[in-house]
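Starting from 1, each residue takes its place in the sequence as its number. Atoms within a ligand are numbered from 1 in the order they appear, just like the ligands themselves. All values below come from the heavy atoms of this structure, side chains included, with hydrogens, waters and symmetry mates left out.
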Amino acid sequence: MKVLVVGGNFAGSTAALEIKRKLGKEVEVTLIDRNPDFIYIPSLIWVPIGRREVDEISIPREKVLARKGVKFVLDTATKVDTETQIVFTEHGQYRYDHLIIATGPKVQMDAVPGLKEHNVYIGTPVGAMKTREKLEEFKENPGPIVIGATQGAGCMGGAYEFLFNLEKWLRDQKIRKKVDLHWITPEPYLGHFGIDGMPLGEAMLKKFMEMFHITYHTSVGVEKVTGEEVFLSDGTVIESRFKMLMPPFTGVDFIKNSPQLHCGDNQFIPTLPSYQHEKLENVWAAGLAVNVAPPFEQGEVPFSVPKTGYPSDVTGKIVAHNIINAIKGIEKREEKAWGKIAGLCVMDAGEKEVIIVSNSLFKPRKFAIMVPNVIFDFFKVFLEKYFLWKLKRGISYLP
Ligand SMILES: Cc1cc2nc3c(=O)[nH]c(=O)nc-3n(C[C@H](O)[C@H](O)[C@H](O)COP(=O)(O)OP(=O)(O)OC[C@H]3O[C@@H](n4cnc5c(N)ncnc54)[C@H](O)[C@@H]3O)c2cc1C
């Protein structure tokens, strides 16, 4: 029995390791990823400001996976033929009995005119290092800054984190007084986060904006970005010498090139609550590659839902469990719609943090709480150390 996993960061590695751990020699598990290293993406917000180096939050995949009996292939998957059950890569072909797609996002840098040329993006190691370079240049000639998210974006949390970390960095560099700092977002109110907010979230973020003298603009899209300006959908033009706007995400080209897999424009994978493909019995998706419809009415400026690390890990485990059942001939499937997975996230605010916990990501919720910690970002650092510890040892059964 061959299980093939495409994409092996949060969701894919969890699924691959769990299946191998539970089925041992009964199954051959192969993981294809275009990147040799696991990257702990949540800490990339610290790379531009020099608080982390990329190698401190990367772990080479091959050794960890080999130790656990998972075969690693360093390659880019280009398409799949679901009839013959073959995945094509740039350098080969791989047959599967069950396929797991955990390829994360493609970042739409062309979503807004001028974004590609004038914006930095912190969500990849290369992007984070480029942002560091830009900030070093900026230091010599400071001016206005715009941070935020464009229409269609879903990863607002990472942008909020970068905003507050950057604000602290500006103070540390002793240039804060020379910088007008703006936050722009398609959210109708601060702290909506694509999950219709959390109790006290809006009030807390308003307080932060006031405390740190940040001007904010909600319910706005971006029409155009130039070297010196950001043009908003409400007609406002903000001067800016540096910008980090979170673009929208879609599924990757591997999915786009395999039309039987996806459900239209966004190229994410349509799944049942068991994370089995809606139409293909032996194709599964986990993590950011899963299509999740926003549970709220879209206003004038559309935006999307956050697909964060914890639900990515949970969906990886659900897929593993369900594939194991399928292989063993057990009919029962574990089901948990994305919005019903518990919310567990830490929003870093520059050596401060807000801990976000809820019984389900989307409303209705039985409980939801945001706890600020203004002394130090202890939990964010703890989660990073814990995750890297888990990854280095190839431990997949822990939360
Ligand atoms: C700046 C930023 C900050 C964030 N902060 C947080 C946070 O604080 N907390 C939190 O919970 N979440 C955070 N997130 C979200 C978190 O990073 C994602 O939820 C998580 O990475 C999703 O995991 P995944 O495994 O689904 O996808 P990814 O982590 O994106 O992994 C996808 C993998 O697929 C591989 N791949 C893609 N296409 C191919 C292909 N064709 N062939 C082979 N391999 C391929 C990639 O190389 C990659 O290894 C943040 C995201 C960003 C961008």
Atom 16 (C) of ligand 1: nearest protein contact (heavy atom, Å): G309 N, 4.1 Å

R51 with D172: basic N within carboxylate O range, under 4.0 Å: no

Closest protein heavy atom to atom 37 (C) of ligand 1, given as residue, atom name and distance to 0.1 Å: T103 O, 3.1 Å

Heavy-atom gap M347 to ligand 1 smaller than 4.0 Å: no

C155 near ligand 1 by a heavy-atom separation under 4.0 Å: yes

Residue pair F162, Y121: steps toward the ring-ring contact (aromatic ring centres under 6.0 Å, His included) verdict: CA-CA 11 Å; F162 184 64; Y121 174 64; over 10 Å; no

Donor-acceptor contact present, side-chain D75 to main-chain T89, <3.5 Å: no

ring-ring contact (aromatic ring centres under 6.0 Å, His included) between F268 and F249, intermediate numbers included: CA-CA 9 Å; F268 290 124; F249 293 163; 8.1 Å; no

Residue pair L190 / W183, side-chain heavy-atom distance below 4.5 Å: yes

Basic-acidic side-chain contact under 4.0 Å: K130, E133: no

Between N373 and E353, a side-chain donor and acceptor under 3.5 Å: yes

Protein heavy-atom partner closest to atom 47 (O) of ligand 1 - residue, atom, separation in Å: D33 OD1, 2.7 Å

Sub-4.0 Å heavy-atom approach of K380 to ligand 1: yes

Selection from G123, A102, P36, A128 by shortest heavy-atom distance to atom 32 (C) of ligand 1: A102

R176 (side chain) donor-acceptor with E167 (main chain) under 3.5 angstrom: no

Under 4.0 Å to a heavy atom of R61 - the qualifying atoms of ligand 1, by number: 49 (O)

Atoms of ligand 1, numbered as shown, that sit under 4.0 Å from any heavy atom of G287: 26 (O)

4.0 Å heavy-atom contact, P105 with ligand 1: yes

No-hydrogen, no-angle side-chain donor-acceptor test under 3.5 Å, N282 and Q85: yes

For atom 34 (O) of ligand 1, the protein heavy atom that lies nearest, with its residue and separation: G7 CA, 3.3 Å

Carboxylate-amine/guanidinium contact E53 R132, below 4.0 Å: yes

E239 (side chain) donor-acceptor with E228 (main chain) under 3.5 angstrom: no

Contact with ligand 1 for Y121, non-hydrogen, under 4.0 angstrom: yes

Enumerated ligand 1 atoms positioned under 4.0 Å from heavy atoms of A11: 25 (O), 26 (O)

Main-chain N/O of I195 paired to K363 side chain as donor or acceptor, under 3.5 Å: no

Protein heavy atom at shortest distance from atom 42 (N) of ligand 1: A77 N, 2.9 Å

Non-hydrogen atom of L44 closer than 4.0 Å to ligand 1: no

contact_flag D348 ligand 1 heavy-atom lt 4.0 Å: no

Shortest protein contact, atom 23 (O) of ligand 1 (heavy atom only): F10 CB, 3.5 Å

Under 4.0 Å to a heavy atom of G104 - the qualifying atoms of ligand 1, by number: 27 (O), 30 (O), 32 (C)

Nearest neighbour in protein (non-hydrogen) for atom 13 (C) of ligand 1: P42 CG, 3.8 Å

Y275 (side chain) donor-acceptor with K336 (main chain) under 3.5 angstrom: yes

Donor-acceptor contact present, side-chain R61 to main-chain N35, <3.5 Å: yes

Numbering as shown, the atoms of ligand 1 that approach K307 to under 4.0 Å (heavy-atom distance): 18 (C), 19 (O)

Per-atom contacts of ligand 1 with T76, taking only distances under 4.0 Å to non-hydrogen atoms: 41 (N), 42 (N)

Ligand 1 to F254 polar contact by distance, N or O atoms, under 3.5 Å: no

Ligand 1 contact on I39 by region, counting heavy-atom pairs under 4.0 Å: neither

Short side-chain to backbone donor-acceptor contact, R365 and S360, under 3.5 Å: yes

For atom 29 (O) of ligand 1, closest protein heavy-atom neighbour: N9 ND2, 3.0 Å

Heteroatom distance test (T308, ligand 1): nitrogen or oxygen, under 3.5 angstrom: yes

